[in-house]
Amino acid sequence: MKSEKSMKLWLNIAVVFISVIGLMLLLYLVMVLSFQTGDESSSNTRSIAAIIAQRVYTGSPTEEELNAIVFMLRYFAHIALFFVVGLVTTFVSMVICRNYFRILGVLASGGACYVLAYYTEYYKQYIEGRHFQMTDVKLNWLGSIAGIACMVISYLMNKLLMKLSS
């Protein structure tokens, strides 16, 4: 009996530890991508856009077509990256905060996502070749909200399925 409780405690600690480490690695990735210089960021995006353009267009894509792909790729990157941030942040908050405190955890993760969405863009104005754009903040926040909503909905669906199966 005592060893079973001890095992559950260690399992809970391990889940929290692994979740927090995963979140920290994800936040490190966000910082690395956000604080690239303008030339690095443009070069990386254009090289990915060129690969996509070769697959989409039969001939050589025009500069206008390539710029359209770069534009869509940048928007998609903001939303997708912060979707994952919102998802993971909410997961970690739901693992740490139990029972009725989960609501506070979800609200805290929403606040943390907004702060991260705003300040990663705000500090870009101090990086060579980069600038602050409120549109990017909105895209980051939209991705975060989608990730948070996805995690909360999956949690609620899980609870409903558990209740229906018993």
Side-chain angles (χ1 to χ4, degrees), residues 1-36 40-41 44-45 47-49 51-52 55-56 68-124 130 132-166:
M1 179 82 170
K2 186 174 183 178
S3 66
E4 188 176 315
K5 274 188 170 183
S6 175
M7 189 68 160
K8 272 188 172 182
L9 176 66
W10 282 109
L11 183 62
N12 283 338
I13 290 171
V15 167
V16 169
F17 180 75
I18 291 169
S19 300
V20 170
I21 294 298
L23 178 62
M24 292 300 135
L25 289 173
L26 180 62
L27 294 179
Y28 176 74
L29 174 67
V30 169
M31 293 302 157
V32 166
L33 293 174
S34 294
F35 296 140
Q36 292 178 333
E40 286 175 322
S41 178
N44 291 340
T45 306
S47 64
I48 294 169
I51 293 169
I52 293 170
R55 300 212 184 246
V56 171
I69 292 174
V70 165
F71 179 77
M72 288 185 286
L73 191 60
R74 284 192 171 274
Y75 272 41
F76 175 75
H78 279 281
I79 292 171
L81 182 62
F82 275 86
F83 174 83
V84 175
V85 168
L87 196 75
V88 172
T89 305
T90 306
F91 175 78
V92 170
S93 74
M94 291 175 92
V95 166
I96 293 172
C97 302
R98 305 287 175 140
N99 299 328
Y100 295 108
F101 294 111
R102 278 203 173 107
I103 295 169
L104 293 176
V106 170
L107 292 175
S109 67
C113 285
Y114 181 76
V115 167
L116 186 66
Y118 183 82
Y119 282 104
T120 54
E121 291 302 320
Y122 176 79
Y123 285 113
K124 282 183 184 177
R130 302 293 293 265
F132 175 82
Q133 286 187 326
M134 196 61 188
T135 306
D136 290 348
V137 173
K138 291 175 185 173
L139 289 171
N140 293 348
W141 181 232
L142 178 68
S144 294
I145 290 295
I148 291 167
C150 186
M151 182 54 71
V152 169
I153 290 168
S154 69
Y155 170 76
L156 294 174
M157 291 295 290
N158 185 37
K159 283 189 77 143
L160 178 66
L161 290 173
M162 295 282 282
K163 191 177 279 189
L164 289 175
S165 68
S166 58

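Worth knowing before you read on, the calculation uses all heavy atoms, side chains too, and leaves out hydrogens, waters and symmetry mates. This one's a predicted model, so the numbers in the text were calculated from it and none came from an experiment.
- For I13, the side-chain contact (heavy atoms from CB on, under 4.5 Å) test picks out L9, W10, with sequence neighbours left out.
- Here R102 pairs with Y155 under the side chain to side chain donor-acceptor pair (under 3.5 Å) rule; sequence neighbours left out.
- Interatomic distance, K8 NZ to N12 CG, rounded to the nearest 0.5 Å: 8.5 Å.
- For residues 103-123, every residue pair satisfying the salt bridge (Lys or Arg N to Asp or Glu O under 4.0 Å) rule, not counting sequence neighbours, is listed here: E121-K124.
- Here the closest non-hydrogen pair linking A117 and V137 is O-CG2, 4.0 Å.
- No more than 12 heavy atoms of other residues, nucleotides or ligands lie within 6.0 Å of CD1 in I103, so this atom counts as exposed by the packing criterion.
- Residue pairs satisfying the side chain to side chain donor-acceptor pair (under 3.5 Å) criterion with at least one member in residues 80-89, sequence neighbours excluded, are absent.
- With contacts defined as side-chain heavy-atom distances shorter than 4.5 Å, the pair I153/M157 qualifies.
- Put simply, the side chain of S34 never gets that close to the backbone of M31: no donor and acceptor are under 3.5 Å apart.
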In residues 92-99, what donor-acceptor pairs under 3.5 Å come from side-chain atoms, sequence neighbours left out?
unit_1: S93; atom_1: OG; unit_2: T90; atom_2: O; d: 2.9
unit_1: S93; atom_1: OG; unit_2: G105; atom_2: O; d: 3.1
unit_1: R98; atom_1: NE; unit_2: V95; atom_2: O; d: 2.8
unit_1: R98; atom_1: NH2; unit_2: V95; atom_2: O; d: 3.3

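- Partners of F101 under the ring pair (Phe, Tyr, Trp, His ring centres under 6.0 Å) rule, at least two apart in sequence or in another chain, do not exist in this structure.
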I'd like a table of donor-acceptor pairs (distance under 3.5 Å, sequence neighbours excluded) in which one partner is a side-chain atom from residues 141-149, with atom names and distances.
unit_1: S144; atom_1: OG; unit_2: N140; atom_2: O; d: 3.1

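- Residues satisfying the side-chain contact (heavy atoms from CB on, under 4.5 Å) test with I48, not counting sequence neighbours, are I52, L73.
- For the side-chain contact (heavy atoms from CB on, under 4.5 Å) test, residues two or more places apart in sequence or in another chain that qualify with L33 are L29, Q36, L81.
- Here S19 pairs with nothing under the side chain to side chain donor-acceptor pair (under 3.5 Å) rule; sequence neighbours left out.
- Legend: ring pair (Phe, Tyr, Trp, His ring centres under 6.0 Å) pairs involving residues 71-100, not counting sequence neighbours, sorted by first then second residue: F71-Y75.
- We find the OH-CZ distance between Y123 and R130 to be 15.5 Å, quoted to the nearest 0.5 Å.
- Considering CG of L116 and OG of S109, their distance stands at 12.0 Å, rounded to 0.5 Å.
- Listed by chain and number, the residues in a ring pair (Phe, Tyr, Trp, His ring centres under 6.0 Å) with Y122 are Y119, Y126 (sequence neighbours excluded).
- Put simply, CE on M134 and CG on L139 are 11.0 Å apart, with the number rounded to the nearest 0.5 Å.
- One side chain, R74 or S41, offers a donor N or O that lies under 3.5 Å from an acceptor on the other.
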